[in-house]
There are 2 protein chains.
Amino acid sequence: MPATIKDIAHQAGVSLSTVSRVVNGKALRYRISKETEAKILQVAKDLHYSPNQLARGLRLKKTLLIGLVIPDISNPFFAHITKRIQNLAHQKGYSLIVCDTDENLYLEIEHIDLLMSKGIDGLILMPVGQESQHLQPLIQRTFPLVLLDRCFEDIDSISVLVDDYQGAFDAVSHIIEMGHRRIAIIQGLPGTSTSSNRLRGYQDALLKNNLEIDADLIVGSDFRAENGYIETKILLHAPNRPTALFTTSDLITLGALEAIHEEKLVIPQDISLVAFDDIDFAPYLSSPLTTVSQPKKIMGEIAVKMLIDAIITHRVSAQKIVLKPQLIVRNSVRRLGDGH
Amino acid sequence: MPATIKDIAHQAGVSLSTVSRVVNGKALRYRISKETEAKILQVAKDLHYSPNQLARGLRLKKTLLIGLVIPDISNPFFAHITKRIQNLAHQKGYSLIVCDTDENLYLEIEHIDLLMSKGIDGLILMPVGQESQHLQPLIQRTFPLVLLDRCFEDIDSISVLVDDYQGAFDAVSHIIEMGHRRIAIIQGLPGTSTSSNRLRGYQDALLKNNLEIDADLIVGSDFRAENGYIETKILLHAPNRPTALFTTSDLITLGALEAIHEEKLVIPQDISLVAFDDIDFAPYLSSPLTTVSQPKKIMGEIAVKMLIDAIITHRVSAQKIVLKPQLIVRNSVRRLGDGH
DNA sequence: ATAGATTGCTCAATCGTTTGTTCATATTAT
DNA sequence: ATAATATGAACAAACGATTGAGCAATCTAT
């Protein structure tokens with residue numbers, strides 16, 4: 001078992017408080033003599049002393065722990081964000097408790113409660129997004145909270161977001177410019193800010209180009225690969241098959257690719273595809289994917305900075321920071337003749 | 001601020017100990033009357049009581065926290081393992097502190113120290129792998145530790161591994177069967193168990209087929225994408241260019257793909273490729289990748305189970321659990337005529 | 001020489017829980 | 001009626017660290 005401050009005090013023949021002050025670098029402020037300080041430091045080193053963070057956290061009411069609640073860490077988009085967050089957090093002295101909700105609201109609530117009882121100093125939350133009731137208590141306590149990627153209308157917190165509307169608008173506009181008229185969108189979880197903004201972007205791009213919105217081409221119910229697979233399967237067998245697909249997450253894209261592959265169709269010859277979330281392998285797919293790329297690292301970085309600032313100042317000033325996505329045109333959209 | 005046991009005691013008009021016993025479900029054992037119990041439970045609910053885990057951990061000397069130290073969480077292989085680990089850990093009541101070492105030994109050491117001072121109950125470590133000195137103290141204390149994916153000769157701990165030798169042997173044997181003679185391997189970090197076992201598998205497959213080992217075809221120095229890119233670039237420009245590449249991690253594969261793509265070469269016509277770590281997108285690459293697939297979920301699952309068992313029994317019986325990888329043949333290796 | 005300031009450190013309370021021990025009161029037995 | 005037992009709950013120490021207040025001993029000033 002690790003050495004405690006008591007062990008050091010004993011061995012150095014001083015009191016607990018003196019040891020505490022020395023190991024916390026407050027020797028000067030509390031007028032501890034150089035000799036005593038040196039001795040204590042030596043003993044501490046000999047005993048491999050490392051402060052018990054539980055005791056410290058209990059006393060100081062801060063743990064240098066921050067919670068990260070994330071819908072799916074095996075999703076490369078989230079994995080990259082997580083990496084940057086953990087990186088920067090560690091640099092700033094904080095450790096990360098990571099919780100994966102699997103896009104499940106109840107798990108999200110459970111995880112948040114658990115994190116709070118562990119005494120986290122702050123929370124970065126990428127919410128499932130359908131419900132925000134459970135966040136009210138945090139907001140009221142002005143607990144340091146940063147919402148990332150998805151936000152809520154009715155929650156006044158720090159939010160770091162991507163302009164999903166613009167991303168979708170650009171993507172669909174590009175598809176239209178390439179001559180497509182029947183464009184399907186495979187949505188993620190309806191009701192979440194990301195989904196509804198992407199849907200609005202899709203719709204507005206159609207309207208602006210005088211194309212009508214066909215409800216049959218608006219499908220999808222969640223962000224999982226299965227959703228992408230199922231909806232693509234159905235779309236590809238529809239009587240009036242769309243010529244292009246807009247998949248709104250990388251997992252949906254994965255499922256869509258599987259379905260397209262199974263149907264022995266080739267991108268972009270047989271079906272065009274534009275995806276959201278730029279995955280590392282996008283350039284090397286059988287047809288390099290045209291995608292909307294999100295600034296993952298920046299998102300993580302800003303989230304951590306905002307959070308730690310809120311923790312330190314203990315002022316939470318609600319604000320939405322919106323980052324711009326970027327359309328990366330590769331080769332997954334076929335150019336159709338105007339007559340088509 | 002959250003309600004404490006004291007608040008409940010006050011409001012219910014009982015002592016702290018009684019509240020503690022009730023909320024811990026020990027009412028019966030300590031003969032607390034039904035009425036008192038009911039009252040306390042009610043007050044606890046009203047106040048949204050949740051035990052302070054710091055205080056609890058301090059007193060009980062356990063935190064229900066486990067550490068996960070991982071080389072690169074944005075690597076899909078590790079991300080999938082992490083997901084399974086966090087999942088199962090949570091099911092069993094443990095939370096995960098995740099630390100990313102970026103394949104850096106010094107960061108690894110730093111993270112482990114930090115985790116220990118946070119009072120984690122156990123540690124799952126996917127080590128950088130070159131050094132094991134820093135683990136000796138843990139082993140000596142019989143601290144619950146599980147080594148995952150990479151192990152050490154000189155460390156007697158619980159290890160959950162994949163038979164890297166067999167995986168590499170199968171992969172290279174397959175390439176040879178397809179008629180290739182000049183096969184390059186791009187290694188990860190030399191000296192790590194995964195790298196050296198994969199290299200041995202590669203060499204033995206060659207030897208068994210009476211092919212000589214060409215030192216020029218054994219390249220690579222770490223698991224990053226840049227390594228894959230650089231080594232592939234060089235190999236493709238070598239005077240006697242190999243006809244096939246064996247990339248030993250998914251990030252290396254990513255880099256190799258980038259280089260091949262840049263050189264405007266096509267897989268498998270111009271160059272053949274077999275990869276380690278089966279990534280989700282492997283089937284949808286311009287040529288579906290033949291890869292050695294590792295049982296990621298199983299690895300995570302076993303690691304957690306072994307760890308929690310060690311934590312609970314507080315017995316650490318060193319053992320190596322080795323899982324079988326599987327060669328998945330797709331279409332990234334060209335069949336060469338025997339004359340070639 | 002004595003009051004006052006300075007130096008160098010210790011005391012003791014506190015953070016929120018847990019748990020062995022103790023102590024009234026109520027119940028039963030004799 | 002009194003001793004013995006059972007019942008229901010409170011007391012207090014402990015986990016390891018932090019920190020305001022306190023207290024000798026030494027030094028400075030008059």
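Reminder, nothing fancy here: chain letters follow the sequence lines and each chain counts from 1. All of these numbers come straight from a predicted model, not from anything done at the bench. All heavy atoms count here, side chains included; hydrogens, waters and symmetry mates do not.
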Discussion item. Listing request: all salt bridge (Lys or Arg N to Asp or Glu O under 4.0 Å) pairs with a residue in residues 309-318 of chain B, at least two apart in sequence or in separate chains.
Written reply: none
Item to complete: Just jot down the side chain to side chain donor-acceptor pair (under 3.5 Å) partners of B:Asp46, sequence neighbours excluded, or say none.
Response: B:Gln42
Fill in: Qualifying salt bridge (Lys or Arg N to Asp or Glu O under 4.0 Å) pairs, either residue in residues 105-130 of chain A, two or more places apart
none
Worksheet item: B:Arg29 CZ to C:dT21 P: how many Å, rounded?
Response: 15 Å
Discussion item. Expressed as a whole number of angstroms, how long is the span from B:Leu64:CG to C:dT17:C1'?
Written reply: 14 Å
Fill in: A:Lys118 NZ to C:dT17 P, straight-line distance once rounded to whole Å
14 Å
Worksheet item: Which pairs with one or both residues in residues 123-152 of chain B pass salt bridge (Lys or Arg N to Asp or Glu O under 4.0 Å), sequence neighbours excluded?
Response: B:Glu103-B:Arg150
Worksheet item: Can you tell me how far C1' of D:dA17 sits from CD1 of A:Ile40, to the nearest Å?
Response: 14 Å
Worksheet item: Does A:Asp100 have any side chain to side chain donor-acceptor pair (under 3.5 Å) partners at least two apart in sequence or in another chain, and if so, which?
Response: B:Lys83
Worksheet item: According to the salt bridge (Lys or Arg N to Asp or Glu O under 4.0 Å) rule, which pairs have a member within residues 19-36 of chain B, sequence neighbours left out?
Response: B:Lys34-B:Glu37
Worksheet item: Which part of the nucleic acid, if any, lies within reach of B:Ser20 when heavy atoms closer than 4.0 Å are counted: base, sugar-phosphate only, or nothing?
Response: base
Worksheet entry | Sugar-phosphate or base contact per nucleotide [nucleotides 5-11 of chain C; S, B, -; heavy atom under 4.0 Å] | --BBBBB
Worksheet entry | Positions of residues 48-55 of chain A (non-hydrogen atom under 4.0 Å from DNA chain C), listed by number | none
Item to complete: Using the ring-ring contact (aromatic ring centres under 6.0 Å, His included) rule, collect all pairs that involve residues 67-126 of chain A, keeping only residues at least two apart or in two chains.
Response: A:His90-B:His111, A:His111-B:His90
Practice prompt. Using whole Å, report how far CG of B:Leu58 lies from P of D:dG16.
Written response: 7 Å
Worksheet item: B:Lys61 side chain N/O closer than 4.0 Å to the phosphate oxygens (OP1, OP2) of D:dA14?
Response: no
Discussion item. Tell me whether the side-chain N/O atoms of A:Lys26 come closer than 4.0 Å to OP1 or OP2 in D:dT19.
Written reply: yes
Worksheet entry | Between D:dA14 (C1') and B:Arg56 (CZ): distance, integer Å | 16 Å
Practice prompt. For side-chain contact (heavy atoms from CB on, under 4.5 Å), just list the numbers for A:Tyr49 and A:Ile40, CA-CA rounded to whole Å, side-chain angles, deciding distance to a tenth of an Å, and then say yes or no.
Written response: CA-CA 11 Å; A:Tyr49 172 73; A:Ile40 290 175; over 6 Å; no
Practice prompt. Provide, to the nearest angstrom, the distance between the NZ atom belonging to B:Lys39 and the P atom belonging to D:dG8.
Written response: 16 Å
Worksheet, complete the sentence: Per side chain to side chain contact (heavy atoms under 4.5 Å, CB included), B:Val19 is matched among B:Val14, B:Ile32, B:Asp7 by B:Val14
